[in-house]
Every structure is written in structure tokens, then in C-alpha cells.
2 protein chains.
Amino acid sequence: MIKHTWNTIRDELVEDIRSGRLSAGDKLPTEPQLAERFSIGRHSVRKALEALAREGRLSIEQGRGTFVEALPRLTYTIGKRTRLRRNLIPQGVTVEGKLVEANRIVAPDFVAKALLLNPSAKVTESQRITLANDLPVAFGASYHCAERFPEFVERRDVLGSTTETYRTYGIQDYFRLKTTVHSRPSRPEESKTLKQHPDVPVLVVNAIDALPDGTPLSCSRVIWSAARVTFTMEQTDE
Amino acid sequence: MIKHTWNTIRDELVEDIRSGRLSAGDKLPTEPQLAERFSIGRHSVRKALEALAREGRLSIEQGRGTFVEALPRLTYTIGKRTRLRRNLIPQGVTVEGKLVEANRIVAPDFVAKALLLNPSAKVTESQRITLANDLPVAFGASYHCAERFPEFVERRDVLGSTTETYRTYGIQDYFRLKTTVHSRPSRPEESKTLKQHPDVPVLVVNAIDALPDGTPLSCSRVIWSAARVTFTMEQTDE
DNA sequence: GTTCATTTGTGCGTATGTATA
DNA sequence: TTATACATACGCACAAATGAA
């Protein structure tokens with residue numbers, strides 16, 4: 001009924017990983033070697049490897065080879081009180097959020113809309129990347145009104161915590177007002193930043209944080225590796 | 001620097017769609033025709049079409065041809081009180097949820113765990129499919145303890161509403177206890193059911209509904225077309 | 001109901017480009 | 001610089017699904 005020659009090698013590799021014959025970091029045979037071993041064409045080998053790379057099981061690197069990935073899916077909780085550290089540390093992975101770049105710019109369209117600013121307002125943009133076990137899982141930017149939160153990035157960088165930084169502006173409490181999630185194919189720069197195969201899609205998360213009365217404080221747009229995260233929403237009233 | 005011959009045709013088609021030269025439902029030239037027009041190989045044509053199909057912009061159908069898709073992304077709100085109709089109707093799309101199949105089975109592992117049942121307990125399984133403008137956007141199953149909710153499927157089918165059905169068991173209120181979302185490549189049957197290209201990923205949503213005191217009532221696992229939905233989480237206290 | 005033309009799907013072979021060590 | 005290994009691209013052949021004759 002079905003041909004799918006390439007599935008033979010795909011299944012073989014999955015079984016090798018499952019059984020432990022291949023483990024994280026191992027280098028696979030080269031494409032021509034696999035082609036010969038399974039008596040199929042190199043195109044079919046590539047199709048099988050590509051399918052596994054899309055699931056995040058393999059990392060294919062031009063000029064180096066193809067390697068087995070660890071594939072530990074992180075769980076990230078979205079809720080009324082979203083806090084990064086509380087979210088990821090419980091699972092025993094080392095998580096690091098790094099500030100990559102900070103700018104003072106005219107508010108992009110979606111930012112002005114989210115923060116209810118006029119289109120020419122200035123905002124601070126903080127670009128951050130999140131690494132879990134030294135592997136990038138997400139990157140993106142958050143935006144704050146420059147007038148209302150002068151030096152936000154600098155204070156945030158010193159204090160190391162968004163909650164603490166808000167306190168310096170007299171804000172004792174804030175919450176996640178709105179979050180949207182959708183999936184799309186990754187763009188070349190994105191797959192490069194996330195160090196993942198170009199065919200692995202990304203999850204785009206747009207969010208708005210606000211005061212208890214609903215006044216928006218900041219918004220963010222974060223790109224997650226679709227293969228490396230599971231989102232959870234729990235409705236506990238903390 | 002880079003060749004990427006196939007991007008020429010990709011960009012051309014995107015522009016054709018954007019400008020309106022191609023609109024939803026239109027049939028594209030055949031692959032050999034496109035190959036000749038752009039003076040590239042058929043493989044490159046296929047790579048371009050595949051990329052557009054992954055975004056949900058094209059529908060590629062063996063034996064028929066390749067067509068432009070409408071690409072209206074639905075917005076589905078996940079919150080404390082998740083109700084399908086309230087969710088989708090506001091956007092002016094016709095939504096239809098159909099019961100496909102109902103069974104009385106021994107609780108699968110993940111169901112027993114979610115509903116706190118012992119592994120040999122019986123549950124009712126309701127398989128449903130959701131169509132928006134006659135296009136499938138999601139399908140999946142929900143599970144109820146057969147002992148606690150006898151004839152659940154039958155009553156639900158007659159009443160047409162889950163909320164109403166719960167009332168017949170004396171349950172006046174329930175809420176969404178937990179929701180998880182992750183992305184993965186679609187399996188062949190899934191892409192067939194969703195009538196989408198095999199390379200479009202799916203979003204897997206697992207959910208548990210419960211009584212106000214936290215007692216689980218039901219759980220579900222729904223497969224969404226990743227190209228056709230955006231999830232939103234709003235933290236309004238209704 | 002069967003046949004047949006059309007169109008996409010799968011697979012092989014080959015050549016050449018490009019990143020890595 | 002050189003060798004290795006993956007990336008892109010062309011051409012060809014045949015399989016499988018569709019729809020119309």
C-alpha cells in the first residue's frame with residue numbers, strides 16, 4: 001500500500017535512540033554510509049533525518065555531521081502570575097536568561113497598540129534569550145514605555161528581577177493580562193538563534209502585563225522552539 | 001552567497017496571493033508548468049510549494065492539483081470557563097462540532113491519571129471533530145467516568161451542550177482546571193483528518209475540567225491544526 | 001465499471017556549492 | 001589548504017490518487 005522507503009531508516013534510528021544504542025551527543029554515520037547500509041538513495045536518507053530533526057531528536061550540522069539531541073521538553077506555565085524562575089527551576093534544569101541588547105526606540109505598531117501609547121511614543125526594548133541546559137529554548141523582546149519607566153533596562157539588569165524593578169517605580173503588584181500563542185514555520189535567523197533545524201517550527205507568544213486595575217505595563221513577543229517546550233495553564237487562584 | 005533557487009518561485013507566489021492575482025480556491029499551474037516558467041527543476045518547485053503548504057497558504061492534493069487556501073486563523077480562548085460556542089462564533093465564522101464516535105472503554109493511562117480513577121475503570125470516550133467554515137480545525141476525544149456519568153454521550157448528544165448535560169447530573173458549575181499545549185509533527189492519519197499537508201504540524205491540547213472544589217470531571221485530548229488556530233489566554237475574572 | 005489522461009508523491013543517480021575542522 | 005560532510009539543484013522514472021470519458 002505505502003512505499004515510504006525512508007521510513008525504514010527512520011524507524012531504525014528511533015529504535016536505536018529508544019533502546020539506548022544511540023544516546024544524546026552521539027554522531028550518526030554519514031549520509032552516504034546510511035544510504036549504503038540501508039540500500040537506499042541518499043535523498044531518502046535525508047528525508048528520514050529531516051523528519052527526525054523536525055521533532056527535535058536530531059541536530060543536523062553542515063560540515064560536521066548529524067547528532068542525537070537530548071530532547072528534554074521544558075514545561076512553561078502561563079498564568080495570572082507568570083514568573084520565569086518559579087516556572088522552570090522545579091524541573092531540575094539549569095535555566096539562564098540573558099540580556100542580549102537594549103534599545104530606546106519608537107514604539108513598533110503592535111507595542112503601541114498593546115500599551116495604549118500614541119504611535120510616536122518612545123519605548124525601551126529589551127532583547128533576551130533563554131537557555132535551558134545551555135540550549136536556547138526561546139528569545140524575544142519586552143517593551144516598556146520610556147517615559148513612564150526611565151532606565152528600566154538598567155535597573156532590571158542590576159536587580160535581576162522584573163518584580164523587584166517594578167517596585168522601584170512604586171508598583172507592588174502586576175499580573176499577566178493577556179497571552180496569545182500560535183505556531184508558524186521558523187525563519188532562517190530564528191532557527192539559527194535557537195540552534196535548531198530550519199524545519200522545526202516556532203511558537204510565537206505575545207503577552208501583556210498589567211496593573212491589577214488593567215492598566216498595561218509592558219508587552220512582549222517571544223519566539224519558542226516548538227520542539228523544546230510544553231505550555232501549561234493552571235487555574236489555581238494562588 | 002546562497003542559492004536557494006526555490007525562493008524565487010516562493011516569493012512570486014506569496015506576492016501573487018498578497019496582491020490578489022491569486023485568491024482562495026484558485027488552482028495553481030502544475031508543477032512541471034511552474035518549473036518551466038521559472039526555468040528551475042521540479043524538485044525546487046516542490047520545495048517552494050511545500051513551504052507554503054506548511055504555512056497553510058496552499059493545499060496540495062495528489063491527483064487534483066495545488067490550490068490557494070483561505071487561511072483564516074481562528075482564535076480560541078483558553079480560560080477558567082472555556083466554552084466552545086462562546087469562543088468561536090464572535091468572529092463570524094460558522095462553527096460546527098460533530099460527534100464522530102462514542103465508546104465505552106477501559107480508561108487509557110493518561111485518562112485514569114487525570115481523572116484519578118483506578119486503571120481498570122471504565123470511561124466513555126466521545127470523539128468529536130470541529131469544523132470552521134467546513135474546514136476541519138481540530139479533532140479529539142473527551143473522557144468521562146462511566147460509573148459517575150452513565151449515558152453521558154447520549155445525553156450530551158440530545159442536549160447539545162456540555163454545560164446542560166452536567167446539570168442533569170446535578171452539577172451546576174465546573175471550570176477548566178488544567179490545560180497543556182505542545183507542538184509536534186502531524187501523523188499521517190491526523191493530517192488526513194484535518195485535510196492538511198503532512199508537513200503542517202499539530203498542536204496537542206490536553207485538558208482537565210473539574211468541579212469548583214477541584215474534583216476532576218472529565219479530560220480531553222484535542223489535536224489542532226497548527227496553521228489554523230491562535231490560542232489566547234485572558235485573565236479576566238468574568 | 002473500466003479505462004485513461006492528468007497531477008502530485010516517491011525514489012534513484014549525479015553534480016556542485018558551502019560550512020567545518 | 002585540504003578533506004569531510006551536509007545543502008542545493010537538475011533530470012529521469014515510476015507509483016498513486018483523482019476525475020472524466
Side-chain angles (χ1 to χ4, degrees), chain A residues 1-13 25-54 57-69 185-189 191-193 195-200, chain B residues 1-13 25-54 57-69 185-189 191-193 195-200:
Chain A
M1 172 176 174
I2 318 177
K3 304 275 297 228
H4 293 311
T5 303
W6 61 272
N7 260 308
T8 62
I9 169 173
R10 197 209 111 101
D11 294 345
E12 172 94 7
L13 290 174
D26 288 359
K27 184 178 182 300
L28 267 62
T30 69
E31 291 174 354
Q33 283 168 354
L34 288 170
E36 172 149 21
R37 190 207 290 181
F38 291 93
S39 308
I40 59 180
R42 196 182 146 216
H43 282 309
S44 301
V45 170
R46 285 178 60 75
K47 193 156 185 179
L49 298 180
E50 194 180 298
L52 291 168
R54 255 205 293 274
R57 294 166 172 278
L58 295 181
S59 145
I60 305 176
E61 299 170 37
Q62 182 176 357
R64 296 220 311 136
T66 301
F67 305 86
V68 180
E69 282 273 285
S186 71
R187 295 172 185 145
E189 333 85 62
S191 52
K192 210 173 164 184
T193 303
K195 289 182 186 161
Q196 67 178 20
H197 191 278
D199 284 341
V200 179
Chain B
M1 170 179 169
I2 317 177
K3 302 285 292 232
H4 290 309
T5 303
W6 62 271
N7 259 308
T8 63
I9 169 173
R10 199 209 109 102
D11 294 344
E12 172 94 6
L13 290 174
D26 287 359
K27 184 177 181 302
L28 268 61
T30 68
E31 292 173 353
Q33 283 167 354
L34 288 169
E36 171 147 21
R37 190 206 293 180
F38 291 94
S39 307
I40 59 180
R42 195 182 146 217
H43 280 309
S44 300
V45 171
R46 284 178 62 73
K47 192 157 184 179
L49 298 180
E50 195 180 297
L52 291 167
R54 256 205 292 273
R57 294 166 173 277
L58 295 181
S59 146
I60 306 176
E61 299 170 38
Q62 183 176 357
R64 296 223 306 139
T66 301
F67 305 85
V68 180
E69 282 272 285
S186 70
R187 296 171 186 146
E189 332 85 64
S191 51
K192 210 171 163 185
T193 303
K195 290 182 186 161
Q196 67 178 20
H197 192 277
D199 284 340
V200 179

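Residue numbers begin at 1 in each chain, while the letters A, B, ... track the order of the sequences. We use all heavy atoms of the structure for the numbers below, so side chains are in, but hydrogens, waters and symmetry mates are not.
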Between CZ of B/Phe67 and C1' of C/dT8 the distance, given in whole Å, is 11 Å
Does the side chain of B/Asp199 reach to within under 4.5 Å of the side chain of A/Asp199, using non-hydrogen atoms? no
Atom-pair distance (CD on A/Glu31; P on C/dT14), nearest Å: 17 Å
Any side-chain N or O of A/Thr66 under 4.0 Å from OP1/OP2 of D/dC6? yes
Does a side-chain heavy-atom distance below 4.5 Å link B/Leu52 with B/Thr66? no
Mind calculating the distance between CG (A/Leu34) and P (D/dT4) to the nearest angstrom? 17 Å
Between CD of B/Gln33 and C1' of C/dT8 the distance, given in whole Å, is 13 Å
Say you draw a straight line from CZ of A/Arg10 to OG1 of A/Thr8; how long is it, rounded to the nearest 0.5 Å? 11.5 Å
Result for 5'-nearest mapping on DNA chain C, choosing between A/Glu61 and B/Leu28, is B/Leu28
A/Lys195 NZ to C/dT20 C1', straight-line distance once rounded to whole Å: 15 Å
Expected output: side-chain B/Ser191 to main-chain B/His197 donor-acceptor under 3.5 Å: no
B/Lys27, nearest nucleotide to its side chain (from C/dG9, D/dA7, C/dT7): C/dT7
Would you indicate, yes or no, if C/dA21 has its OP1 or OP2 atom less than 4.0 angstrom from a side-chain nitrogen or oxygen of A/Arg64? yes
Between the base of D/dT18 and the side chain of B/Gln62, is there any donor-acceptor pair under 3.5 Å? no
A quick test of your reading: do over 12 heavy atoms of other residues, nucleotides or ligands sit less than 6.0 Å from NZ of A/Lys27? yes
Let me know the distance between CD of B/Glu36 and C1' of C/dT7, rounded to the nearest Å. 16 Å
Under the 3.5 angstrom rule, does the side chain of B/Ser186 hit a backbone N or O of B/Val200 as a donor-acceptor pair? yes
Can you measure A/Lys192 atom NZ to D/dA7 atom C1' for me and round it to whole angstrom units? 15 Å
Of the listed nucleotides (D/dT8, C/dT8, C/dT10), which one gets closest to any side-chain atom of B/Lys47? D/dT8
What is the distance from CD1 of A/Ile60 to P of C/dT20, rounded to the nearest Å? 15 Å
So which protein nitrogen or oxygen atoms get under 3.5 Å of nucleotides 10-14 of chain D's nitrogens or oxygens?
{"residue": "D/dC10", "atom": "OP1", "partner": "B/Gly41", "partner atom": "N", "Å": "3.2"}
{"residue": "D/dC10", "atom": "OP2", "partner": "B/Gly41", "partner atom": "N", "Å": "2.8"}
{"residue": "D/dC10", "atom": "OP2", "partner": "B/Ser44", "partner atom": "OG", "Å": "2.6"}
{"residue": "D/dG11", "atom": "O6", "partner": "B/His43", "partner atom": "NE2", "Å": "2.6"}

Sorted by chain and number, sequence neighbours left out, salt bridge (charged side-chain N to carboxylate O under 4.0 Å, His left out) with A/Arg37 holds for none
